[in-house]
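Structure record follows, encoded as structure tokens.
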Amino acid sequence: VIYYPISVYKGKFLSIIAFSVLLLIMIVYLLIYQMHILSEQVTLAKIKENLTRFFTHELRSPLQSALSGVEMLEDAAKKGNLQLVERYGVVSKDKLMYINGFVERMLDVNKLKSGRVNLNKLRFNLLGVVNKLADEYSNCVRKEVNLQIDSSCNIEIFGDFEHIYNVLSNLVENAVKYSGDSVCIKITAKTGNKHTTVIVEDNGIGIPEVDQKMIFNQFYRVNSPFHTAKSKGFGLGLNYVKWVAQAHSGRVFVESTEGVGSKFSFTISNK
């Protein structure tokens, strides 16, 4: 048996061990950091590729339709066919409004993200906003829409009327899009000491659990056959909802079960 006194481990030997441990920690940290950078670069490359594909897909088709409509309109005007002039005029206008809506949403989201939007905050009754939406969907021709308004919506909130209306419009529109032949949508509200919560609940097709953490990201769309078949979108609506909530010192949440429905809620500050 050989006994080494503690003094042997002192001095240069202990310094070498300490330096080796620190060096090992640094190497591990640098490896993790490098992997993080590589992961970000791969993600950015995918986003760049998806954006190119997205803009090409989303804008080329309506732009080509608008151009074709204008050409047809010119031809019909030369022939003096007013009926065709009106028809192709409506088609071209619809496609151009589609493109304009896309650009406007992009600008709104980018302004909100950069903080360059001056919110026109005032106190107004939430029920007025919800009733305005109910009037819009009272005679929906696409499907049967049952919009239920809870009495809790009869409260005053403090925020930008236009943006709050757009948020609710986005959530209701999504509920109508991603549902069956009929949809039941319920809107409720809860008032707390610091925040007011607005909840939009539906009985639509639901959102896969794997996508629920990503749906508020810009340009993200649920990649499932059910959602793709229901509607084509920009992947901007829910991102806009998130930034409006954050601009009002609030947050946005989602709870969803496939085949059962979804519940979106967002909070806004009371001051």
Side-chain angles (χ1 to χ4, degrees), residues 101 104-137 145-178 183-204 206-207 211-222 233-256 261-271:
E104 288 296 330
R105 287 192 184 184
M106 283 286 297
L107 291 174
D108 285 341
V109 171
N110 288 332
K111 285 178 182 178
L112 284 166
K113 287 175 69 175
S114 60
R116 290 185 287 111
V117 173
N118 294 321
L119 296 177
N120 183 24
K121 289 187 176 182
L122 49 86
R123 295 202 173 274
F124 58 91
N125 196 304
L126 178 63
L127 188 61
V129 180
V130 179
N131 283 334
K132 185 178 178 181
L133 280 172
D135 291 339
E136 289 185 11
Y137 287 93
V145 178
N146 180 17
L147 187 57
Q148 300 176 0
I149 304 171
D150 192 78
S151 58
S152 59
C153 292
N154 190 16
I155 56 171
E156 276 199 350
I157 60 175
F158 183 64
D160 188 294
F161 181 92
E162 182 179 352
H163 285 296
I164 297 297
Y165 172 80
N166 289 339
V167 165
L168 284 168
S169 180
N170 263 298
L171 296 177
V172 172
E173 177 67 18
N174 283 346
V176 174
K177 283 181 182 178
Y178 304 109
V183 58
C184 180
I185 306 169
K186 186 176 181 180
I187 302 178
T188 57
K190 296 178 182 177
T191 303
N193 293 329
K194 296 182 178 180
H195 291 85
T196 296
T197 304
V198 184
I199 304 162
V200 179
E201 191 171 1
D202 65 67
N203 62 343
I207 303 168
D211 294 297
Q212 291 179 25
K213 292 182 180 179
M214 305 290 291
I215 57 174
F216 296 106
N217 293 345
Q218 195 171 18
F219 302 118
Y220 186 85
R221 297 196 65 218
V222 177
F234 305 130
L236 294 171
L238 291 178
N239 184 248
Y240 171 79
V241 170
K242 181 184 77 171
W243 284 107
V244 170
Q246 290 180 345
H248 286 79
S249 302
R251 298 176 63 189
V252 63
F253 308 91
V254 61
E255 299 175 27
S256 185
S262 303
K263 180 167 72 172
F264 286 89
S265 56
F266 66 94
T267 61
I268 58 174
S269 176
N270 292 335
K271 296 181 180 180

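It should be emphasised that the depicted structure is a prediction, and the values quoted were computed from it without experimental measurement. Each residue takes its place number in the sequence, starting with 1.
Every residue was checked against the salt bridge (Lys or Arg N to Asp or Glu O under 4.0 Å) condition with Glu156, not counting sequence neighbours, and none meets it. Residues passing the side chain to side chain contact (heavy atoms under 4.5 Å, CB included) test with Phe124, sequence neighbours excluded: Leu122, Val129, Ile157, Phe161, Ile164. In this structure Phe253 satisfies the ring-ring contact (aromatic ring centres under 6.0 Å, His included) test with no other residue, sequence neighbours excluded. Partners of Phe158 by ring-ring contact (aromatic ring centres under 6.0 Å, His included), not counting sequence neighbours: none found. Checked against side chain to side chain donor-acceptor pair (under 3.5 Å), Glu173 has the following partners two or more places apart in sequence or in another chain: Tyr137, Arg142.
In this structure, Val183 and Asn203 have side chains that are in contact, with non-hydrogen atoms separated by less than 4.5 Å. At least one side-chain heavy atom of Cys184 sits under 4.5 Å from a side-chain heavy atom of Gln148. The side-chain heavy atoms of Leu126 and Leu168, taken from C-beta on, include a pair separated by under 4.5 Å. Side-chain contact between Leu238 and Asn174 is present, with at least one heavy-atom pair separated by less than 4.5 Å. The shortest side-chain heavy-atom distance between Ile185 and Leu171 does not fall under the 4.5 Å cut-off.
A donor atom on one side chain and an acceptor atom on the other are not found under 3.5 Å apart for Tyr240 and Asn170.
For residues 262-271, the set of pairs meeting the side chain to side chain donor-acceptor pair (under 3.5 Å) definition, not counting sequence neighbours, comprises Thr196-Asn270, Ser256-Ser262.
Side chain of Asn239 to main chain of Asn217: no donor-acceptor pair is present (N/O by atom type, distance under 3.5 Å, no hydrogens or angles). Formation of a donor-acceptor pair under 3.5 Å by the Asp160 side chain with backbone atoms of Asn120 is found in this model. One N or O on the side chain of Gln212 and one on the backbone of Ile207 form a donor-acceptor pair closer than 3.5 Å.
Checking each of Val254, Val241, Val252 against Ile215 for a side chain to side chain contact (heavy atoms under 4.5 Å, CB included) leaves exactly one that passes, namely Val254. Partner of Ile187 under the side chain to side chain contact (heavy atoms under 4.5 Å, CB included) criterion, out of Asp150, Leu147, Ile199: Leu147 alone.
By the neighbour-count criterion of 12 heavy atoms within 6.0 Å, atom NZ of Lys121 is densely surrounded, having more than that number from other residues, nucleotides or ligands.
Interatomic distance, Lys194 NZ to Ser249 OG, rounded to the nearest 0.5 Å: 11.5 Å.
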